[in-house]
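Notes for the one structure printed next.
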There are 2 protein chains.
Amino acid sequence: MGRTDDSGRADAPEPESPEPAPPEPGSPEPAQAEPAPPDSAQAEPAGVPTMFDVARRAGVSHQTVSRVLNDLTGVAASTKLRVEQAIAELNYTPSPAARAMAKRRSGSIGLIQAGRPDYGPSSAALGFNEAARAAGFTVSQTSMRTLDADTLTQAVHRLALQRVEAIVLISGEREAVEVLRGIQAGLPLVAVASEDEPGTHRVSLDQYAGARLATEHLIGLGHREIRQVAGPSDSMDAAERRRGFADAIREHGLVLHDPIVGDWMPPSGHAAGELLRTDPEMTAVFVSNDQMSLGLLAAFRSAGLLVPEDVSVIGFDDIPEAAYFAPPLTTMRQDFDGLGRDIMATVLDVLRDEPTAPDRTARVPELVVRESTAPPRTAAP
Amino acid sequence: MGRTDDSGRADAPEPESPEPAPPEPGSPEPAQAEPAPPDSAQAEPAGVPTMFDVARRAGVSHQTVSRVLNDLTGVAASTKLRVEQAIAELNYTPSPAARAMAKRRSGSIGLIQAGRPDYGPSSAALGFNEAARAAGFTVSQTSMRTLDADTLTQAVHRLALQRVEAIVLISGEREAVEVLRGIQAGLPLVAVASEDEPGTHRVSLDQYAGARLATEHLIGLGHREIRQVAGPSDSMDAAERRRGFADAIREHGLVLHDPIVGDWMPPSGHAAGELLRTDPEMTAVFVSNDQMSLGLLAAFRSAGLLVPEDVSVIGFDDIPEAAYFAPPLTTMRQDFDGLGRDIMATVLDVLRDEPTAPDRTARVPELVVRESTAPPRTAAP
DNA sequence: AAGCAAGATGTTAGCGCTAACGAAGCCGAG
DNA sequence: CTCGGCTTCGTTAGCGCTAACATCTTGCTT
């Protein structure tokens with residue numbers, strides 16, 4: 001399959017080539033309707049330059065160009081320089097498709113983001129994206145609003161037939177992770193999951209510890225009747241936070257009530273607030289995320305309950321808005337960005353077939369005290 | 001960790017084949033050292049099945065398989081059936097790299113998302129992502145926190161050498177769009193931009209109309225001394241909202257004050273509130289987005305200013321939290337999802353070399369009246 | 001019955017790159 | 001000097017697919 005080239009080819013290292021300035025690509029002239037065809041001799045080819053074009057210009061073989069490109073040894077310094085210059089002049093960039101084909105590696109990893117575009121997941125995705133780029137990977141993203149099994153399965157398949165080298169799932173739903181695990185796409189799967197999910201590589205922030213910390217803050221303030229607004233039952237993060245809360249409560253010998261279950265969104269927090277405001281004993285509430293806290297705060301406000309005078313409220317996440325709630329919300333700050341980086345680090349480990357560093361799943365949220373928590377009335381009459 | 005899976009592999013229909021399940025790709029079997037080489041005849045090849053494997057199994061040429069795959073005419077129904085069955089049995093999927101190479105089209109489009117992961121951009125990205133998928137495109141995403149020229153330029157180049165067919169920029173910064181335009185990547189550029197940017201295909205929501213509507217709502221309520229908290233000066237959306245506000249004010253013969261400029265985030269809204277609360281005339285504020293409104297509300301609250309009794313506040317965007325602010329925020333709802341779809345539609349137009357449908361840049365935000373706006377005291381004493 | 005247009009398939013080239021090997025040129029050792 | 005052993009480079013095959021064409025069947029027309 002002799003590509004037509006040659007023409008002037010071969011040993012023509014002519015440094016004094018008649019055309020000093022290359023046609024300057026960069027703009028593959030999409031409009032340009034084949035205007036310069038009959039130049040038989042050594043004119044630069046029309047389309048995007050290939051490795052052969054570079055080779056000809058540098059007076060070497062395409063293989064040498066490849067060597068320079070892949071930074072392999074065995075290329076004389078002077079030759080390397082010539083090649084690099086030719087590359088620069090032609091503004092050449094290797095075709096990823098061809099490279100993927102020859103190498104049998106796409107160099108891209110698939111990201112599935114399921115659910116609402118919330119602050120946490122979005123930030124984690126951003127961090128992951130930057131980390132992936134730094135590692136030389138391309139990320140092919142598939143977002144979806146819903147996270148039903150069907151859509152998810154399709155997403156994985158789509159990504160799989162794109163030959164991504166691994167799939168990352170950002171979505172705390174237990175079901176999503178399970179669906180993924182069931183699919184067996186035949187390629188590494190890394191999911192954000194705070195519970196242990198056999199068969200899947202997982203990464204997460206330490207939700208359990210965060211919840212304990214939050215609860216202990218409340219207890220330390222003197223609260224004894226603490227209620228809980230939890231996240232949806234199929235969220236692993238919600239479960240972990242619930243567990244952390246429960247353990248802290250029990251360890252301090254307090255009474256553990258059933259949590260009110262919300263869906264992470266403000267309306268459900270509001271509903272929870274409506275329920276809770278009639279509770280005469282309660283002096284503090286641990287809300288599983290900031291958005292629900294906002295709703296809860298609104299409900300308390302309209303019921304005439306003062307925060308933190310009548311009741312303390314602590315959230316989770318520390319979204320950018322939290323500091324401006326009424327009152328400014330005490331909450332647990334999470335390092336989503338770090339999570340994103342951890343995800344990529346795990347992907348790299350898996351791809352290299354190394355065991356995942358265990359300490360990577362341990363970023364503990366940090367308590368940010370603002371004005372929504374205070375000692376209970378009874379403790380400071 | 002070569003996922004040992006397969007075992008039960010499911011689907012694999014052919015029960016009589018010597019080796020029922022293909023070795024299951026994805027794991028390029030690094031360990032498997034060529035165990036089955038001498039099978040000259042018709043044994044299934046080791047790696048991922050190719051078009052030739054399908055062809056052999058169906059007893060046709062690979063070209064016929066290609067025809068079936070690409071849904072071309074000229075294939076007998078019976079043959080087509082056989083091929084499809086072989087495809088299913090082998091669990092074959094075409095290699096995108098090979099296809100991209102032969103077709104000289106990557107089938108993917110690049111998405112650059114610059115800036116914080118805010119609700120609006122994230123939602124638009126989600127909508128775009130879904131639309132792209134529906135159109136059969138893959139989206140390669142590059143997110144970044146900052147949007148300086150350097151990072152942006154790099155992002156474009158990275159995408160360009162990935163051979164994406166078009167680049168989409170979601171980020172309202174004027175400078176970002178200009179940088180992009182300056183780069184001349186040689187491929188179509190579609191940006192979210194509410195101002196007219198020569199040389200770039202643009203899509204946007206009708207910020208101007210939205211701002212007018214918001215302002216007119218205030219005026220209609222009887223307000224005469226309306227102040228404005230604008231977005232950053234290099235945001236095109238901010239400029240358009242500012243223009244809409246100004247025009248509405250002028251047309252009603254009211255006095256136009258210089259806006260206070262914020263940066264979209266709650267703290268800047270808070271700072272604006274601090275400034276504004278000393279203004280004795282003011283009875284209403286048009287804040288350019290909901291997050292700044294939150295900060296402003298907090299400042300007014302701590303200053304003892306009642307909203308809406310003392311001063312009305314209207315925001316912009318209608319983020320999910322807005323309904324639970326104190327008080328619930330009147331604001332302009334934007335169809336970010338629709339914007340995302342519009343972006344993809346425009347990309348498609350550009351790729352097909354058709355002029356962009358002009359009415360696509362015209363989604364007008366919708367007024368959502370809640371409790372932060374009311375007639376001024378003087379109008380209803 | 002011969003002729004011929006479709007219709008249905010197969011063959012042959014690439015697409016642009018990497019992998020594996022092979023061929024020079026240059027060195028000091030024997 | 002002559003021969004192995006480097007280093008440096010070139011050649012030859014694919015990777016898995018699509019695009020043109022070439023080829024072989026059919027079914028009808030005349």
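Proteins get letters first, then strands, A, B, ... in listed order; numbering begins at 1 in each.
One distance of note links CD1 of B:Ile170 with CD1 of B:Ile343; it measures 4.0 Å at 0.5 Å rounding. Atoms CE and OG, from A:Met51 and A:Ser95 in turn, are 9.5 Å apart once rounded to the nearest 0.5 Å.
In this structure, the nucleotide among D:dG16, C:dG16, D:dC9 sitting nearest to the side chain of A:Ala98 is C:dG16.
At distances below 3.5 Å, not a single donor-acceptor pair connects side-chain atoms of B:Thr151 with backbone N or O atoms of B:Leu147.
Here D:dT18 presents its P atom at 13 Å from CE of B:Met101, a figure rounded to the nearest Å. If you measure from atom NZ of A:Lys103 to atom C1' of D:dG14, you get 16 Å, rounded to the nearest angstrom. At whole-Å resolution of the value, CG in A:Leu81 and C1' in D:dT8 are 16 Å apart. Note: CG (B:Leu161) to P (C:dG16) measures 16 Å, nearest angstrom. Computed from coordinates, the B:Arg105 CZ to D:dA19 C1' distance equals 15 Å when rounded to whole Å. In this structure, the CD atom of B:Gln63 is 15 Å from the P atom of C:dA13, given to the nearest Å.
The side chain of B:Thr79 places an N or O atom within less than 4.0 Å of a non-bridging phosphate oxygen (OP1 or OP2) of C:dT9. Proximity of B:Ser61 to the phosphate of C:dG10: a side-chain N or O atom is located under 4.0 Å from OP1 or OP2. At least one side-chain nitrogen or oxygen of A:Arg99 sits closer than 4.0 Å to the OP1 or OP2 atom of C:dT18.
Inter-residue side-chain proximity for A:Tyr92 and B:Leu161 is flagged as unmet; no heavy-atom pair is nearer than 4.5 Å. Counting only heavy atoms from C-beta outward, the side chains of A:Val83 and A:Val60 approach each other to under 4.5 Å.
Using a 4.0 Å cut-off on heavy atoms, the residues of residues 65-73 of chain A that approach DNA chain D are A:Arg67, listed by number.
Using a 3.5 Å distance cut-off with no hydrogens or angles, the side chains of B:Arg163 and A:Thr93 do pair a donor with an acceptor.
Closest-nucleotide positions on DNA chain C for B:Arg104 and A:Ala102 were compared, and the one nearer the 5' end corresponds to B:Arg104.
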Legend entry - Derivation of the salt bridge (charged side-chain N to carboxylate O under 4.0 Å, His left out) call for A:Asp342 and A:Arg202: CA-CA 10 Å; A:Asp342 287 351; A:Arg202 67 189 199 81; over 6 Å; no
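For B:His62 and D:dT18, a side-chain-to-base donor-acceptor distance below 3.5 Å is present, hydrogens and geometry of angles not being considered.
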